[in-house]
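Step one of this worksheet: look at the structure below.
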There are 2 protein chains.
Amino acid sequence: MTHLYKMTLSYDGTNYCGWQIQKDRKSIQHLIQDFLKMILSEDIELIGASRTDAGVHALEQVAHFLTSKEIDASRIVYSLNGLLAKDIRINKIEREKPSFHARYSAIGKIYHYNICLSYYQNPINRFYSLHVRRKLDMELLKTAAKFFIGTHDFTSFANKSDEGAAKRNPIKTIKRIDIIETIDGIRLEFEGDGFLYKMIRNIVGTILDIASKKIALENLNKILLAKDRKLAGKTAPALGLFLVKVIYDNKSDGNSSKDLK
Amino acid sequence: MTHLYKMTLSYDGTNYCGWQIQKDRKSIQHLIQDFLKMILSEDIELIGASRTDAGVHALEQVAHFLTSKEIDASRIVYSLNGLLAKDIRINKIEREKPSFHARYSAIGKIYHYNICLSYYQNPINRFYSLHVRRKLDMELLKTAAKFFIGTHDFTSFANKSDEGAAKRNPIKTIKRIDIIETIDGIRLEFEGDGFLYKMIRNIVGTILDIASKKIALENLNKILLAKDRKLAGKTAPALGLFLVKVIYDNKSDGNSSKDLK
């Protein structure tokens with residue numbers, strides 16, 4: 001008899017090679033998985049909802065694992081937080097139905113991207129926001145952001161990841177891109193049903209290229225329709241990106257198949 | 001002929017012993033002053049508006065220095081930022097009238113104090129907010145904060161600093177204490193004409209003790225009137241505190257005498 005557990009966690013991605021296990025590098029998945037193996041004395045695979053890249057942060061990542069043990073979830077949380085460095089915190093572990101899958105059951109995700117616009121980078125946010133010194137036209141920025149909202153084939157804004165790229169459905173729906181003023185710049189808030197590999201960072205890079213007049217606003221539609229990654233703007237750096245929330249449909253049985261990020 | 005320059009800077013206080021020079025420890029004042037001496041080839045004293053303690057951060061600290069040289073201010077900013085670690089950024093250096101004094105000319109200051117209220121500390125803010133796990137009564141917290149607004153003798157909320165403590169006027173005016181909800185808790189925003197040594201951290205500690213029912217709200221007036229530091233709550237840790245702005249009266253000649261923080 002196996003039991004499925006859902007884990008909610010936060011991390012500062014600065015010192016990790018990202019969520020996913022990579023040979024000879026320190027990944028968040030790897031660290032937690034190893035500690036879980038130790039605590040539960042059995043082989044554990046920890047599946048994350050979003051494969052955040054090196055330097056990307058998470059206010060709320062979700063993962064799941066199967067175990068043959070009946071566990072005291074709050075004690076496992078306590079043990080893990082004792083073992084982990086302070087830049088990763090496990091917030092909760094809770095029992096879920098066997099059909100739940102951290103990635104495939106997700107019906108939406110919220111990401112934020114922080115941009116520091118002061119002349120010199122605010123030192124407090126130096127690991128948590130992209131410092132942009134180019135002059136940005138805020139009206140162009142807003143118009144460009146609005147363009148991406150809705151259902152589109154986002155091939156032009158997706159990098160190829162190692163696995164399964166061909167199988168992935170490139171049609172995604174972005175529900176909102178809000179632009180919020182912050183103490184030292186702006187925060188772009190993305191909500192969508194799912195995002196392709198590096199899609200948000202490619203959209204942010206393109207929006208910045210438009211706002212700084214490196215790419216003409218008029219070309220945006222052409223870039224989208226071309227389904228060619230080479231035409232869009234540069235991938236914005238990882239450090240400004242936060243996974244803020246993974247959304248599940250509480251009524252569903254968790255079987256709705258969703259794409260990878 | 002000496003020239004007076006005003007410097008505006010930001011820093012992450014995590015890795016420093018504070019603003020002020022201390023023997024054998026790495027202070028922000030010391031670092032910048034040494035680089036200025038090197039660049040200008042003369043003895044320089046850098047006077048800060050606020051002597052932020054170890055671990056306290058600054059979004060906008062102000063300092064001034066005198067030099068016999070005619071300097072190219074933007075080149076000095078550029079050189080300093082090249083020499084300093086990324087956790088200190090000089091934002092601006094500008095000529096000021098000879099009567100200007102970073103500390104004595106200030107007519108007000110704004111400080112923020114961040115409190116993380118999630119069950120586990122948000123890793124992103126682990127160096128920038130106090131993690132409070134005690135259950136807080138938000139109504140009590142708001143009432144306690146409101147109590148401090150206005151002009152009072154704050155002796156009960158001032159630690160003794162090394163120098164000049166006796167000479168300092170303990171009567172201060174707090175213009176506002178706003179409580180702002182944040183992604184993981186609250187931020188207390190203080191604006192006043194000046195603050196005594198550790199006064200904000202002592203007020204925050206006391207407000208938290210009241211909100212967690214360790215100190216009765218009814219005793220607050222008694223504590224204030226007693227002018228006795230021993231009666232108020234514990235000093236809240238440095239890491240949640242930010243110097244956000246030093247306010248000057250642009251019309252004044254900069255001679256208005258103000259107390260030390």
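All chains are named by letter (A, B, ...) in the order of the sequence lines, taking the proteins before the strands, and each is independently numbered beginning at 1.
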Quiz item: What's the verdict on side chain to side chain contact (heavy atoms under 4.5 Å, CB included) for A:Ile39 and A:Ile76, showing C-alpha distance, side-chain angles and the deciding distance?
Solution: CA-CA 8 Å; A:Ile39 296 170; A:Ile76 308 281; 3.7 Å; yes

Self-check item: Test log, rule side chain to side chain contact (heavy atoms under 4.5 Å, CB included), inputs A:Ile203 and A:Ile174
Solution: CA-CA 11 Å; A:Ile203 290 177; A:Ile174 298 184; 3.8 Å; yes

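- Legend: residues meeting side-chain contact (heavy atoms from CB on, under 4.5 Å) with B:Ala54, ordered by chain and number and at least two apart, are absent.
- Residues satisfying the ring-ring contact (aromatic ring centres under 6.0 Å, His included) criterion with A:Phe127, sequence neighbours excluded, are absent altogether.
- Only the backbone of A:Ile90 comes within less than 4.5 Å of a heavy atom of chain B; no side-chain atom from C-beta onward does.
- Highest contact tally toward chain A, considering only B:Ile183, B:Ile124, B:Val244, is held by B:Ile124 [criterion: heavy-atom pairs under 4.5 Å].
- Take B:Met138 and apply the side-chain contact (heavy atoms from CB on, under 4.5 Å) test, not counting sequence neighbours, and it matches B:Leu117, B:Leu136, B:Leu141, B:Ile186.
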Quiz prompt | Stepwise side chain to side chain contact (heavy atoms under 4.5 Å, CB included) test for B:Ile115 and B:Leu208 | solution = CA-CA 10 Å; B:Ile115 297 169; B:Leu208 290 174; 3.9 Å; yes

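- A:Leu241 is not listed as a side-chain neighbour of A:Val204, based on a closest heavy-atom distance of 4.5 Å or more.
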Donor-acceptor table for chain A and chain B, threshold 3.5 Å:
| unit_1 | atom_1 | unit_2 | atom_2 | d |
| --- | --- | --- | --- | --- |
| A:Asp12 | OD2 | B:Arg126 | NH1 | 2.9 |
| A:Arg126 | NH1 | B:Asp12 | OD2 | 2.9 |

